[in-house]
Amino acid sequence: MSDKQRVSRRQFLNYTLTGVGGFMAAGMLAPMVRFAIDPVLQPAATGELKSVGLSVDDITNEPQRIDWKVDQVDGWYESEVQKSAWVYRTNDDEIVALSPICTHLGCTVDWGTEQEDEFYCPCHGGRYTKDGVNIPGTPPTAPLPVYDHKVENGMLYLGKAHSRGGGI
Amino acid sequence: MLLRKADVEQYVEAKEYIDTLVIPLIPFEPSKDADFITTSFQVELTHIFTRAIEKEYRGRIFLGPDYYYLKGSLDEEIARLNQWVEQFEKQSFQHIFLFTVDSKWKKVEKDVNANLLWVPGLKQADLQSTETQSFIQEQARQITELIQAYW
């Protein structure tokens with residue numbers, strides 16, 4: 001018994017105090033560190049793209065209307081929101097997805113109903129060219145917003161629509 | 001546009017563009033179980049229809065407040081409804097539509113001072129099923145086409 005190294009009262013208290021103090025410090029620091037790096041761990045909300053159930057091979061030079069649903073959270077209220085887009089392929093083989101919401105007062109625009117190769121808003125006669133730019137002299141004051149898009153496994157994914165500012 | 005602050009503020013600013021009003025006429029009858037169920041279904045159906053119409057042409061159509069009335073007593077409602085229409089006419093609305101799935105309004109159509117849109121609707125249906133949804137969507141599209149014809 002006497003050969004064994006004995007732990008003195010002072011040492012014992014030192015050890016226990018360091019241990020308990022360490023736990024307390026860790027308990028206080030852990031949430032702080034978590035909060036500090038939290039923005040890095042957030043998934044990028046804007047980058048969320050959703051499959052719209054359209055194969056890229058089906059996209060032609062002619063704009064087609066597609067509808068899909070996304071989950072949206074408004075405060076406490078969670079809902080499924082219906083989204084639509086006009087999708088077509090440009091002459092340079094690029095895919096364009098335009099929002100169908102008229103930038104004037106929010107009606108839904110149609111393709112080629114009034115003038116050929118133009119988007120037309122039936123509410124107040126707003127007109128847009130094929131690339132979604134508003135035609136001067138008609139009510140809208142900005143081009144149609146463009147959706148973020150990507151292609152994965154041959155399917156089209158769409159994300160957020162981006163406004164293109166004041167336009168003409 | 002809907003009857004909420006943000007939309008009404010936008011309406012007041014852009015009045016000259018919004019000339020169409022839709023008022024949903026919705027019956028209810030809470031005294032009998034069976035009627036209670038069918039009328040509540042009509043409430044849901046009317047809401048789906050009118051929201052779909054509003055969503056498509058929200059830049060020109062204002063969706064007014066729901067007009068609820070007891071299923072049996074239509075005659076008493078006409079004067080009150082006309083009063084609503086009269087007040088709305090003081091705003092920029094030139095085309096006022098009354099949307100309903102209740103066929104009884106068809107008979108008194110000439111007494112109300114607005115265009116009646118009566119849609120046969122459905123007696124009972126599962127509103128979640130895709131068939132019903134596409135049916136309603138198709139009908140809503142035809143109604144908006146009819147409204148467009150007035151513009």
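The sequence lines fix the lettering, A, B, ..., with proteins before strands; numbering per chain opens at 1. Computed from a predicted model, the values in this text were never measured in an experiment.
Between the side chain of B/D66 and the backbone N or O of B/P24 there is no donor-acceptor pair closer than 3.5 Å.
From A/L49, atom CG reaches atom CG of A/L158 across 7.5 Å, with rounding to the nearest 0.5 Å. To the nearest 0.5 Å, atoms CG (A/L105) and CD1 (B/I61) are separated by 12.5 Å.
Using a 4.5 Å heavy-atom threshold, the side chains of B/F49 and B/L45 count as touching.
Linking ILVMFWY side-chain heavy atoms closer than 4.5 Å, directly or via other members, places A/V151 and A/I59 in a single hydrophobic cluster.
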Practice problem: Would you please test A/C121 and A/C107 for disulfide bond (SG atoms under 2.5 Å apart) and show each step? | Solution: CA-CA 7 Å; A/C121 173; A/C107 291; 4.4 Å; no
With 3.5 angstrom as the limit, list the donor-acceptor pairs from chain B to chain A, or say none if there aren't any.
residue	atom	partner	partner atom	Å
B/Y17	O	A/H124	NE2	2.5
B/K55	NZ	A/Q82	O	3.4
B/E56	O	A/T108	N	2.9
B/E56	O	A/T108	OG1	2.9
B/R60	NH1	A/C123	O	2.6

